[in-house]
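Reminder, nothing fancy here: chain letters follow the sequence lines and each chain counts from 1. The analysis underlying the following values was restricted to heavy atoms, covering all of them including side chains, and did not include hydrogens, waters or symmetry mates. In this text, all values refer to a predicted model and were calculated from it rather than measured experimentally.
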There are 2 protein chains.
Amino acid sequence: MARGGKAKNLRQRELIRYLANNPLLKDEELAGLFGVSIQTIRLDRSELQIPELRERMKTALQARHPVRSLGSDELVGELLDIEVGQYGVSMLKITPEMIFRKNLVARGHHLFAQANSLAVAVIDAEVALTGSARVLFKLPVKAGDLVLARAEISSRKGHKTIVKVVSRVKETIVFEGIFTVFALQEEENQ
Amino acid sequence: MARGGKAKNLRQRELIRYLANNPLLKDEELAGLFGVSIQTIRLDRSELQIPELRERMKTALQARHPVRSLGSDELVGELLDIEVGQYGVSMLKITPEMIFRKNLVARGHHLFAQANSLAVAVIDAEVALTGSARVLFKLPVKAGDLVLARAEISSRKGHKTIVKVVSRVKETIVFEGIFTVFALQEEENQ
DNA sequence: GTATAATTAGTACCAGGTACTAATTATTGA
DNA sequence: TCAATAATTAGTACCTGGTACTAATTATAC
């Protein structure tokens, strides 16, 4: 096969459909299916910008959690545990982009963002906004660190909720914050 | 830590909750999160019978496709492509359990099952049953082979639909069948 | 203070890839 | 018909996130 590439074109179109319906297909299986070598399938995927099996699984799973499985959208970090109206736990992996090159310490706003978005997430309301916050950066955080934030509702009066957040890196506290969050619309999300 | 294992117990309970909410967590991340070694996490998982990341992703994805994304349940093989009311494509990987030990050839009923379930799947009805079939096993199939079945509706009269199925292993036809399928209840699924 | 539980360390191995280089096999236009 | 080019195949080194195993080390309860 050469310049035209009719067989190639057909195979690639089928490849797209197959993977759209079933992201779990391995290159080896696809190769067997089309009667070509595994390398050909990899060339196809690379031309079509189709990622590898594990990435496909990941994104297929993300699509599932529509907005991280709760009403609050755009949570900074990964949600590990939550009991809406009570507490929540999230993890943030510090990447090199998050740190100052000078002293290799993570910029504070990342820790704040994690804590703040978690504080909003635990509120049992359709929409919630942070009214105010008092935060404390207790220890520097480095690249590669895993920051575990735990938010707990400490009091609630009408639309106004006080949420305390404590963030740790391996048991040592690196951040603390008290957030005052206002619920805009009550009711469950679904 | 020894005989009691209180820290261990707590960690394992949290581990379960974390992974239930987020199957994408790696052992390394969990280790960092709990401040223990990666081996400890692996011991935990093994004690708790929690499978590895890739398996967790797979099963999380399967749970998503409730009944293979279409009305017919229990499809034999993996669905690759379908246009309900027109055609469908499925893949069946021949495993050693499917073959005769004597001649190493796949038992015919596996090919039949794949074709039949696919034929039923392409019918645009809530419930469909095969009325009759004429099948032809053209060439033997061996372990490791990937059987690609393509079903196409060739005619339809009321509740009665004729579906032609052709199964191939790498372009060579190994099975052909004509299925007469009856729709029991009309209407879309979902 | 010792037996036992819990944890950590280290090794060999595996699947399913990436990324790259090089060789081989069509295909086709002139 | 043959040379240029497209398409495919082969092979290597390397990576991640594991399994499965053995052995050493550390903590704790009694």
Task: Nearest-Å distance for atom pair CE/P, residues A/Met57 and D/dG18 - done: 11 Å

- [ ] Return the set of residues passing side-chain hydrogen bond (donor to acceptor under 3.5 Å, both in side chains) with B/Ser46 (not counting sequence neighbours), or none when no residue passes.
- [x] none

Task: Non-neighbouring partners of B/Arg150 that pass side-chain hydrogen bond (donor to acceptor under 3.5 Å, both in side chains), sequence neighbours left out - done: A/Glu14

Open item on the list: Rounded to whole Å, please give me the gap between CG in A/Asp44 and P in D/dT8.
Closed with: 7 Å

Open item on the list: Between P on D/dA6 and CG on A/Asn9, what's the gap in Å once rounded to a whole number?
Closed with: 15 Å

Task: Between D/dA6 (C1') and A/Gln12 (CD): distance, integer Å - done: 13 Å

For residues 133-141 of chain A, dump all side-chain donor-acceptor pairs below 3.5 Å to protein atoms at least two apart in sequence or in another chain.
none

Open item on the list: Can you list, in residue-number order, the parts of residues 45-56 of chain B that come under 4.0 Å of DNA chain C, counting heavy atoms only?
Closed with: none

- [ ] List in numerical order all residues of residues 27-43 of chain B for which some heavy atom is under 4.0 Å away from an atom belonging to DNA chain C.
- [x] B/Val36, B/Ser37, B/Gln39, B/Thr40, B/Leu43

Open item on the list: Checking one residue: B/Leu19. Which other hydrophobic residues are in its cluster under the side-chain 4.5 Å linking rule?
Closed with: A/Leu80, A/Tyr87, A/Val89, A/Met91, A/Leu146, A/Leu148, B/Leu15, B/Ile16, B/Tyr18, B/Leu25, B/Leu30, B/Leu33, B/Phe34, B/Val36, B/Ile41, B/Leu48, B/Ile50

- [ ] Measure the distance from CG on B/Leu19 to P on D/dG17 and round it to the nearest whole Å.
- [x] 15 Å

Would you list the atom pairs, donor with acceptor, under 3.5 Å between side chains in residues 162-176 of chain A and any protein atom, with sequence neighbours excluded?
from: A/Thr172; atom 1: OG1; to: A/Val169; atom 2: O; distance (Å): 2.9

Open item on the list: Rounded to whole Å, please give me the gap between NZ in B/Lys26 and C1' in D/dT19.
Closed with: 18 Å

Open item on the list: So, using ring pair (Phe, Tyr, Trp, His ring centres under 6.0 Å) as the criterion, who are the partners of A/Phe112 when residues are at least two apart?
Closed with: A/Phe179

Open item on the list: Please enumerate all residues that pass side-chain hydrogen bond (donor to acceptor under 3.5 Å, both in side chains) together with B/Glu97, with sequence neighbours excluded.
Closed with: B/Thr95

- [ ] Answer yes or no: is there an ion pair linking B/Glu83 with A/Arg17, defined by an N-O contact shorter than 4.0 Å?
- [x] no

